[in-house]
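The structure appears below as structure tokens.
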Amino acid sequence: MKIKRTASALLAVCSAGLLTAGIVTYAIDNQASLKDASLENSFIRLTVDQHSEQSEYLQFRLATTGGKTGNQADDNKNITYRNFCSGYTTISINGENYVYGRGVDTSQPEYNAEKKCHTSSQKFGDVEIRQELTFAEGYTPGYEDMLNISYTVLNAGENDSIGVRVLIDPAIADDDTLRLSADNVSISKEAVFAEKLPSDWKAEMSNDSSVSAYGKLSGSALMPSSITFADWYNIYDSLWDYSPDINYAISDASVAVKWEPVKNPVNTVFSTKYGIRNTANTGTDNNAQISSPKTSTKTVVRTAVFMLIAVVSAFGSYYFSRKEKKNAQ
């Protein structure tokens, strides 16, 4: 009887432990962690240049870690060009254009693993702007697989007029030619959308459609005024105004998301998203998947094994317990 009680107790402990392990394995993947001056979760990795003596100070790179769930082809790939300086943000103040990162720091730039973001703030004259780069949900609840790129006006005069342009240099691995589309409409030549904005845009590898990145415009509190698709070599030196050549074939993709200046701008937030697009069924059977996404199919298998062993252990514990009671009668 003692042996059976011990076995029953051990099985109960193992069952509880394995259930806990299964839950932990399933839940921790959406957490952010700091690694080598970068911030990452199971989907993407953010790296911000924090060397104030560099011209690309406070500019950022984005890459995948696990990328899209179940698609190992997009694991550990750049989704912006590998150099910090290839993409930047312009702050337009009363007709004068400034590059974010070349102002005067008003706070210490820092990563925050708990809030899953990198924050900094700078002054340009009397205007103070905060940059927040935050892991955020994109298309499916629970999947923090996109970077929310946000600029908030902290201080400005009532008569100041402030606008923002975010220039993104998308690249996947070393492919920066890419195939671009907006709302599933292919874009091979320079173009601008101003009157009717697409809800999202897509950049995919020119030789592999299974590896792609997305920009998301919909859902922003303040929608952009325009989005321009252009060849990087043409638009890079234009800090603000750029007229795309609709006959020019894009060979090096770039995307400019722009908000025309607004007055009385204090507390105005300019934000857009860029990252990976995961999809999942929203039925009852997938609730856990949506709230606690996995990095890859390996995690799914590992979690399933843990849970199966836990269930078997629990059944064994219940069986021994019943058998002990029966024998005691």
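Throughout, residue positions are numbered sequentially from 1 according to the sequence presented. Quick note: numbers below take in every heavy atom, side chains included, and nothing from hydrogens, waters or symmetry partners.
- Side chains of Asn234 and Asp245: no donor on one and acceptor on the other come within 3.5 Å.
- Using a 4.0 Å cut-off between a side-chain N of Lys or Arg and a carboxylate O of Asp or Glu, Lys123 and Asp105 do not qualify as a salt bridge.
- Within 6.0 Å of the CD atom in Glu195, the count of heavy atoms belonging to other residues, nucleotides or ligands does not exceed 12.
- Side-chain N/O atoms of Gln59 and Tyr88 include no donor and acceptor closer than 3.5 Å.
- A donor-acceptor pair under 3.5 Å is absent between the side-chain atoms of Tyr111 and the main chain of Lys116, judged by distance alone.
- In this structure, the separation between CZ on Phe229 and OG on Ser181 is 8.0 Å, given to the nearest 0.5 Å.
- Ser161 approaches Pro261 most closely through the heavy-atom pair OG-CB, 3.1 Å.
- Taking both residues in full, the closest heavy atoms of Trp259 and Leu222 are given as NE1-O, 2.9 Å, listed atom of the first, atom of the second, then distance.
- Distance alone, capped at 3.5 Å, is enough to place a donor-acceptor pair between the Asn112 side chain and the Lys115 backbone.
- Under the 3.5 Å distance criterion, with hydrogens and angles disregarded, no donor-acceptor pair is assigned to the side chains of Tyr151 and Ser271.
- We find the CH2-CD1 distance between Trp232 and Ile168 to be 15.0 Å, quoted to the nearest 0.5 Å.
- For the pair Met146 and Glu137, the minimum side-chain heavy-atom distance is 4.5 Å or more.
- At a threshold of 4.0 Å, the pair Arg130-Glu128 does not count as salt-bridged, since none of the basic side-chain nitrogens sits closer than that to a carboxylate oxygen.
- The shortest side-chain heavy-atom distance between Arg179 and Ser209 falls under the 4.5 Å cut-off.
- Proximity of Ile129 to Val153: side-chain heavy atoms (C-beta onward) are separated by under 4.5 Å at one or more points.
- Counting only distance, with no hydrogens or angles, the side chain of Asn78 and the backbone of Ala171 share no donor-acceptor pair below 3.5 Å.
- Counting heavy atoms from C-beta outward, Ser92 and Arg165 have side chains that stay 4.5 Å or more apart.
- In this structure the side chain of Thr134 never reaches within 4.5 angstrom of the side chain of Leu147, judged on heavy atoms.
- Between the CZ atom of Phe135 and the OG atom of Ser42 there is a distance of 9.5 Å, given to the nearest 0.5 Å.
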Stepwise side chain to side chain contact (heavy atoms under 4.5 Å, CB included) check, Val99 with Leu239: CA-CA 8 Å; Val99 174; Leu239 293 181; 3.9 Å; yes
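- Side-chain N/O atoms of Thr80 and Asp169 include no donor and acceptor closer than 3.5 Å.
- Put simply, NZ on Lys263 and OG1 on Thr268 are 13.5 Å apart, with the number rounded to the nearest 0.5 Å.
- Environment of CG in Asn159: sparse, with no more than 12 heavy atoms of neighbouring residues, nucleotides or ligands closer than 6.0 Å.
- Tyr248 and Ile246 sit in two unconnected hydrophobic clusters of ILVMFWY residues. Membership requires side-chain heavy atoms under 4.5 Å apart, directly or through other members.
- Between Asp241 and Lys258, at least one side-chain N (NZ, or NE/NH1/NH2) sits under 4.0 Å from a carboxylate O, which counts as a salt bridge.
- Considering every non-hydrogen atom in both Leu34 and Ala113, the closest pair reads CG-CB, 4.4 Å.
- Looking at Asp231, its side chain never comes within 3.5 Å of a backbone N or O of Ser254 through a donor-acceptor pair.
- Looking at heavy atoms from C-beta onward, Phe270 lies in side-chain contact with Val262 at the 4.5 angstrom threshold.
- When all heavy atoms of Ser212 and Ile172 are compared, the pair lying nearest together is CA-CD1, 3.6 Å.
- Within the cation-pi definition used here (under 6.0 Å to the ring centroid, within 45° of the axis), Lys216 qualifies as a partner of Tyr139.
- In this structure, Thr272 OG1 and Met223 CE are separated by 8.5 Å, a value rounded to the nearest 0.5 Å.
- Taking each heavy atom of Ser107 and Ser121 in turn, the nearest pair found is OG-OG, 2.7 Å.
- Criterion: ILVMFWY side-chain heavy atoms under 4.5 Å apart, direct or through other members. Under it, Tyr214 and Ile149 are not part of a common hydrophobic cluster.
- If you check the side chains of Glu132 and Asn148, you find no donor sitting under 3.5 Å from an acceptor.
- In plain terms, the two heavy atoms of Gln122 and Tyr100 that are nearest each other are N-OH, 3.7 Å.
- Aromatic ring orientation, Trp201 versus Tyr274: parallel (interplanar angle below 30°, classes split at 30° and 60°).
- Under the 4.5 Å side-chain heavy-atom criterion for ILVMFWY residues, no single connected hydrophobic cluster contains both Ile235 and Val164.
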Side chain to side chain contact (heavy atoms under 4.5 Å, CB included) between Gln131 and Ser150, worked out: CA-CA 6 Å; Gln131 174 182 267; Ser150 175; over 6 Å; no
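- Stacking of Arg61 on the aromatic ring of Tyr81 is not recorded, the 6.0 Å distance cut-off and the 45° axial limit not both being met.
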Check against side chain to side chain contact (heavy atoms under 4.5 Å, CB included), Gln50 and His118: CA-CA 10 Å; Gln50 296 195 122; His118 181 280; 2.8 Å; yes
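- Proximity of Phe84 to His51: side-chain heavy atoms (C-beta onward) are nowhere separated by under 4.5 Å.
- Both Ile79 and Ile227 belong to a common hydrophobic cluster when Ile, Leu, Val, Met, Phe, Trp and Tyr are linked at side-chain heavy-atom distances under 4.5 angstrom.
- You'll find the side chain of Pro170 reaches within 4.5 Å of the side chain of Leu178, heavy atoms only.
- None of Thr140, Thr64, Asn278, Asn41 except one satisfies the side-chain hydrogen bond (donor to acceptor under 3.5 Å, both in side chains) rule with Asp145; the exception is Asn278.
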Chi angles and distances behind the side chain to side chain contact (heavy atoms under 4.5 Å, CB included) call for Lys189, Ile250: CA-CA 5 Å; Lys189 297 181 179 180; Ile250 298 173; 5.6 Å; no
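- When only modelled atom types and interatomic distance are considered, Ser38 and Thr47 share a side-chain donor-acceptor pair under 3.5 Å.
- Using a 4.5 Å cut-off between side-chain heavy atoms of Ile, Leu, Val, Met, Phe, Trp and Tyr, with links allowed through other members, Val255 and Phe60 fall into the same hydrophobic cluster.
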Test log, rule salt bridge (Lys or Arg N to Asp or Glu O under 4.0 Å), inputs Asp200 and Arg277: CA-CA 11 Å; Asp200 58 33; Arg277 181 170 186 171; 3.5 Å; yes
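- In this structure, OG1 on Thr65 lies 7.0 Å from CG on Asn76, to the nearest 0.5 angstrom.
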